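Keep in mind it's a predicted model, so treat the numbers as computed, not measured.
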Amino acid sequence: MNRTFNVSADCKPELHYMVDIRPKLEKIRAMIDQGQYFTINRARQYGKTTTLRALARFLKDDYVVVSLDFQMMSYACFEEEGIFAETLADEIVKKVRQDRRVPDEVLEKLKNIAAGNIKKIRLSVLFDAFREWCERSEKPVVLLIDEVDSAANNQVFLDFLAQLRGGYIDRDVVPAFQSVVLAGVYDVRNIRRKIRSEEQHKVNSPWNIASDFLVDMSFSAEAIAGMLREYEADYHTGMDVGEIAGLLYDYTSGYPFLVSRLCKLMDERIAGSPGFADKKSVWTKEGFLEAVRMLLAEKNTLFESLTGKLSDYPELKKLLYLLLFQGQSIVYNPDDAAVDMALMFGFVKTEHGMVTVANRIFETRLYNMFLTLPEEQESGIYRAALQNKSQFIRNGQLDMKLILEKFVMHFDDIYGDRGEKFAEDDGRRFFLLYLRPIINGTGNYYIESRTRSMERTDVIVDYHGRQYIIEMKVWRGNAYHERGEKQLMDYLDHYHLKKGYMLSFCFNRKKEIGVREVCLGDKVLVEAVV
């Protein structure tokens with residue numbers, strides 16, 4: 001059977017192309033060997049389930065591993081202690097009944113609990129069985145629980161965590177699990193995001209014994225390259241593995257779902273489409289950019305989940321707007337609720353103590369979402385771009401100089417009498433509003449994170465395999481402008497381009513708006529002032 005790239009449920013080595021996660025498993029095992037209890041909290045579709053299932057296989061020779069998924073248990077079973085104990089015992093019996101290492105007495109006791117044969121079943125009865133199990137077992141017992149979010153706003157679940165904590169604290173005198181690993185999006189040490197306002201008495205976490213989980217779950221460029229080499233051994237496309245792996249990492253920052261989804265689109269959807277006759281033509285930079293375009297245009301469970309979070313948490317939406325459109329530098333503060341949420345849900349990451357959007361794919365998807373809000377599409381600048389957008393396409397390529405010329409004209413007509421604060425806050429938003437309908441459906445754009453600030457932002461446009469770099473900045477005088485020209489030239493060297501574009505928002509009353517070309521060395525800069 002041919003292997004495929006997988007984006008549904010967990011990955012299986014015999015069925016799917018996978019990044020080698022053994023180094024991560026070895027780090028997690030070291031924590032288990034040390035008897036640590038911990039949580040694996042990552043955003044949706046970040047490889048948690050794949051990791052837990054691979055971990056269970058990785059540990060099976062040296063540990064008795066009980067691997068559970070709380071999503072398999074009905075919501076109702078978490079509302080009453082006895083039902084929860086019965087259901088949990090039943091799930092455990094299903095998992096371990098074939099494991100000859102489980103003592104018969106323990107298995108029988110768990111079966112009786114599951115069948116409701118014990119009067120007044122409480123969690124204490126279940127934990128008595130756990131203690132007997134850990135005492136009689138020849139191998140240490142490890143408990144893995146996936147999708148703990150399913151239960152995180154129920155008192156019974158909190159009582160369950162409290163019992164686990166008690167076992168951990170007393171493990172020097174009473175037999176207990178060697179290690180307990182909980183996986184989910186929400187951190188059970190800080191579950192107030194899952195708890196309704198009328199239940200605030202449940203905020204205090206009974207899981208404060210958990211060790212920090214510092215294993216990087218994202219994929220490195222080297223790890224992605226290893227997966228691509230396995231694919232290349234099967235299909236012999238002639239791809240430049242290093243280049244494609246680098247592009248995948250640059251656009252996704254190693255977010256597992258995004259890496260796999262882009263590979264799946266290239267493998268299954270693009271070959272045979274216009275411009276890509278076969279797999280050899282797909283596994284190129286042009287094929288990759290086509291996969292990015294398709295990904296940004298599709299609905300999928302990850303994007304739907306992210307959009308839902310923005311609706312649920314307005315403060316999260318405000319934070320992302322400040323990052324995207326105003327270039328505000330936001331220092332990481334663990335006590336900032338909005339930043340904490342953004343990190344937990346995977347929207348952002350921290351770099352050098354600062355908060356930044358997690359990856360280019362999320363960033364562009366968020367820009368597209370904000371820019372297609374009804375109020376934005378009703379703006380004058382958006383409608384102006386729509387009037388005759390075909391004029392900006394010549395011989396299948398963008399005429400970026402004409403785009404800047406028309407933008408300067410339309411912006412001055414519509415917003416020329418506005419104040420400085422208005423333009424500083426919204427200039428980049430209006431240019432992206434103007435640009436998006438022109439390239440929509442054919443091209444992509446993203447903001448270069450290294451140059452995003454309140455004063456300077458570089459937009460990279462990909463259109464039919466060609467790239468355009470537009471620096472947007474606020475005019476701060478000739479000296480600052482000249483530094484900007486030098487920075488843009490250096491950036492063009494990095495991208496091996498001869499032409500770049502600069503869009504300056506100037507508030508000098510004597511400014512001369514318009515567009516001109518400047519030759520600097522072997523480079524041509526098209527400079528627009530508005």
Can you sort out the partners of [X] under ring pair (Phe, Tyr, Trp, His ring centres under 6.0 Å), two or more places apart, ordered by chain and number?
{"X": "Tyr332", "result": "none"}
{"X": "Phe177", "result": "Phe130"}
{"X": "Phe288", "result": "Tyr251"}

Ring-ring centroid check [X] [Y], cutoff 6.0 Å:
{"X": "Phe84", "Y": "Phe157", "result": "no"}
{"X": "Tyr186", "Y": "Phe345", "result": "yes"}
{"X": "Phe430", "Y": "Tyr382", "result": "no"}
{"X": "Tyr321", "Y": "Tyr367", "result": "no"}

Sequence neighbours left out, cut at 3.5 Å: what donor-acceptor pairs do the side chains of residues 302-312 make with other protein atoms?
residue : atom : partner : partner atom : Å
Thr307  : OG1  : Phe303  : O            : 2.9
Ser311  : OG   : Thr307  : O            : 3.4

Kindly write out the residues that satisfy side-chain hydrogen bond (donor to acceptor under 3.5 Å, both in side chains) with [X], not counting sequence neighbours, or none if the list is empty.
{"X": "Glu132", "answer": "Lys109, Arg136"}
{"X": "Asn368", "answer": "Arg436, Tyr445"}
{"X": "Glu268", "answer": "Lys264"}

Parallel, tilted or perpendicular for Phe5 and Tyr231, by the 30°/60° rule? tilted
Residues passing the salt bridge (Lys or Arg N to Asp or Glu O under 4.0 Å) test with Lys24, sequence neighbours excluded, are none
Review item, side-chain donor-acceptor pairs of residues 89-97, under 3.5 Å, at least two apart:
residue : atom : partner : partner atom : Å
Asp90   : OD2  : Lys94   : NZ           : 3.4

In short, salt bridge (Lys or Arg N to Asp or Glu O under 4.0 Å) pairs touching residues 50-64 with sequence neighbours left out are Asp10-Arg53, Arg29-Asp62
task = Indicate yes or no: does Lys111 engage Glu86 in a salt bridge with an N to O separation below 4.0 Å.
result = no
| field | Salt bridge flag under 4.0 Å for residues Arg101 and Asp99 | value | yes
The side-chain contact (heavy atoms from CB on, under 4.5 Å) partners of Ile83 (sequence neighbours excluded) come to Cys77, Glu80, Thr87
Residues pairing under side chain to side chain donor-acceptor pair (under 3.5 Å) where one sits in residues 292-302, two or more places apart or in two chains, turn out to be Gln45-Thr301, Arg261-Glu298, Glu290-Arg293, Glu298-Asn300
